[in-house]
Amino acid sequence: MTRQRLTILGATGSIGVSTLDVVDRHPDRFEIFALTGSSQLDRLAAQCRRYNPKYAVVGSLQSAQKLAELIGLNHPTEILAGLDALETVASSSEVDTVMAAIVGAAGLKPTLAAVKAGKRVLLANKEALVMAGHLFMTEIKSSGAKLLPIDSEHNAIFQSLPHAFESGLERSGVSRVLLTGSGGPFRTMPLDQLAAVTVEQACAHPNWVMGRKISVDSATMMNKGLEVIEAHWLFGARPDQIEIIVHPQSVIHSMVEYVDGSVLAQLGHPDMRTPIAHALGYPDRIESGVGSLDLFRIAQLTFEKPDLARFPCIGLAYRALEAGGTAPAILNAANEVAVAAFLDGRLPFLRIADVISAVLDEVPHVIVNVLEDVLHADSRGRDAAQRQLASWATA
Ligand code: NDP
Ligand code: MG
């Protein structure tokens, strides 16, 4: 068997580390071509020493220098820096598969470079698709890239769709996709306590261990809102064909409802190694390190409607999806700025939705023709969000 050559964008993050854990189990199938990181240089150095990738990529020349010192002398890995280098290792003719696991808008250009180069793209970086879904799907059609969803819900939906699925649910006899979500750490917290929640509380997800940004998105349920937009682009589902179902046990990872009344679901432990192994091995099934599901111990699966008053970010995401054009990119930009401010202790938790809502009111959305339209919307959304933060700080 020829081994798949892998680039892992965001190797030092939660998804990156889980990807390497699955790769470790299959040395006959995968070899590492490139690893990228940003601030965790110690971890990236250890990964380079272990996997000997051809390239390692970091954000700046200064980080590259530091990484070289950490890796040590006479190591074969070539160290590159900057956005162009990320695009290079994502699109090189020597790479087969790209795991897109950078968090946020920073992952947009390298992920798009992998798509344009016709790679097999394992997509964890949902923000990239939220920002530029139309461009992504157009590029995939023209380049022949294969996009495999890593987000557990979209991976579950992908597994529950017919094999011959083509975007546009009706043609496959699908009536709806049912997107499950745990409801995060604040699903049942008394509303009057939400105003004072800490970063630690917001990042302590009841079921999943994830990076800090997506953990906060799960606490506001913006994560589910972003996932609605992601499902729209990946599967050609209209907003009214996507239903959010709160399922606190996180055992059913999502479902597909067919016109004959059948509902197919994918179940498993809340461990990202399952969707990662599914996509890495696809169409084969490969071992992931995740244990078997003990349904007797779980005993009960429960379902609730999402509380839209408690989680206004869901409504904001639907609003952006329905507005179309650059609105989702503006939503995403405002969310990234607001979440970063919350994580830095500069914005109270409940203000995250207020910032996003004000930015959506302020920044006009336009049609997306080219990538620059998305990048411009992203930067306008960020500027408007920073102004909102400044006005609250001085109020
Ligand atoms: P982490 O924060 O754990 O990791 C993010 C990765 O991106 C790290 O390697 C980080 O480097 C790198 N990075 C951060 N900023 C930049 C930048 N400006 N330029 C280049 N690289 C950067 O996030 P997760 O692994 O949790 O999430 C990654 C993506 O996967 C997100 O889009 C998230 O929504 C999605 N996802 C994650 C899930 C999970 O269970 N974790 C589930 C479903 C989707 P460093 O750490 O060295 O600074
Ligand atoms: Mg998810």
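Here the structure is a predicted model, which means the values were calculated and not measured. All ligand and atom numbering here is 1-based and tracks the order in the structure.
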Cationic N near anionic O, under 4.0 Å, [X] to [Y]:
X: Asp21; Y: Arg273; value: yes
X: Arg5; Y: Glu31; value: no
X: Arg380; Y: Glu362; value: no
X: Asp284; Y: Arg29; value: yes
X: Asp217; Y: Arg212; value: no

Quiz item: Which word best sums up how the rings of Trp208 and His253 line up, parallel for under 30°, tilted for 30 to 60°, or perpendicular for over 60°?
Solution: tilted
Quiz item: For the residue pair Trp233 and His134, does the interplanar ring angle fall in the parallel (under 30°), tilted (30 to 60°) or perpendicular (over 60°) class?
Solution: tilted
Self-check item: Glu94 CD: over 12 foreign heavy atoms closer than 6.0 Å
Solution: yes
Quick test: of every protein heavy atom, which one is nearest to [atom], and how far off is it to 0.1 Å?
atom: atom 14 (C) of ligand 1; value: Val103 CG1, 3.8 Å
atom: atom 10 (C) of ligand 1; value: Thr12 OG1, 3.9 Å
atom: atom 46 (O) of ligand 1; value: Gln40 NE2, 2.8 Å
atom: atom 36 (N) of ligand 1; value: Ile214 CD1, 3.6 Å
atom: atom 28 (C) of ligand 1; value: Ala101 O, 3.4 Å
atom: atom 13 (N) of ligand 1; value: Ser38 CB, 3.8 Å
atom: atom 27 (O) of ligand 1; value: Ile15 CG1, 4.2 Å
atom: atom 17 (C) of ligand 1; value: Ala106 CB, 3.6 Å

Quiz item: Which option, Ile102, Leu41, Leu35, owns the non-hydrogen atom nearest atom 21 (N) of ligand 1?
Solution: Ile102
Quiz item: Of the listed options (Gly107, Ala124, Ser14), which comes nearest to atom 30 (O) of ligand 1 when hydrogens are ignored and any heavy atom counts?
Solution: Ala124
Practice problem: Check whether any N or O atom of Trp208, backbone or side chain, sits under 3.5 Å from an N or O atom of ligand 1, and answer yes or no. | Solution: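 It does not: no N or O of Trp208 is found under 3.5 Å from an N or O of ligand 1.
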Quiz item: Do any N/O atoms on Asp151 end up under 3.5 angstrom from N/O atoms on ligand 1?
Solution: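 In this structure, Asp151 places no N or O atom under 3.5 Å from an N or O of ligand 1.
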Quiz prompt | ligand 1 versus Met210: contacting region, heavy-atom distance under 4.0 Å | solution = both
Practice problem: Would you kindly specify which portion of Arg43 sits under 4.0 Å from ligand 1, judged on non-hydrogen atoms: side chain, backbone, both or neither? | Solution: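 Arg43 to ligand 1: no contact under 4.0 Å from either part.
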Exercise. Report, as a single number, the protein N, O or S atoms less than 2.8 Å from the Mg ion (ligand 2).
Key: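 Those protein atoms number 3 in total.
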Only counting residues at least two apart or in another chain, list the ones meeting salt bridge (Lys or Arg N to Asp or Glu O under 4.0 Å) with [X].
X: Arg238; value: Glu170, Asp240
X: Asp192; value: none
X: Asp84; value: none

Quiz item: Does Asp378 use its side chain to pair, donor to acceptor, with the backbone of Ala329 at less than 3.5 Å?
Solution: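 No.
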Exercise. Answer with yes or no whether the hydrophobic clustering places Leu147 together with Leu169; edges join I, L, V, M, F, W, Y residues whose side-chain heavy atoms lie under 4.5 Å apart.
Key: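 Shared cluster, yes.
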Quiz item: Taking the side chain as C-beta and beyond, is there a heavy-atom pair between His376 and Asp373 under 4.5 Å?
Solution: no
Quiz item: Judged by non-hydrogen atoms, does Glu127 sit under 4.0 Å from ligand 1?
Solution: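 So Glu127 counts as touching ligand 1.
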Exercise. For Gly13, counting its heavy atoms only, list the atoms of ligand 1 lying under 4.0 Å from any of them.
Key: 1 (P), 3 (O), 4 (O), 8 (C), 9 (O), 25 (O)
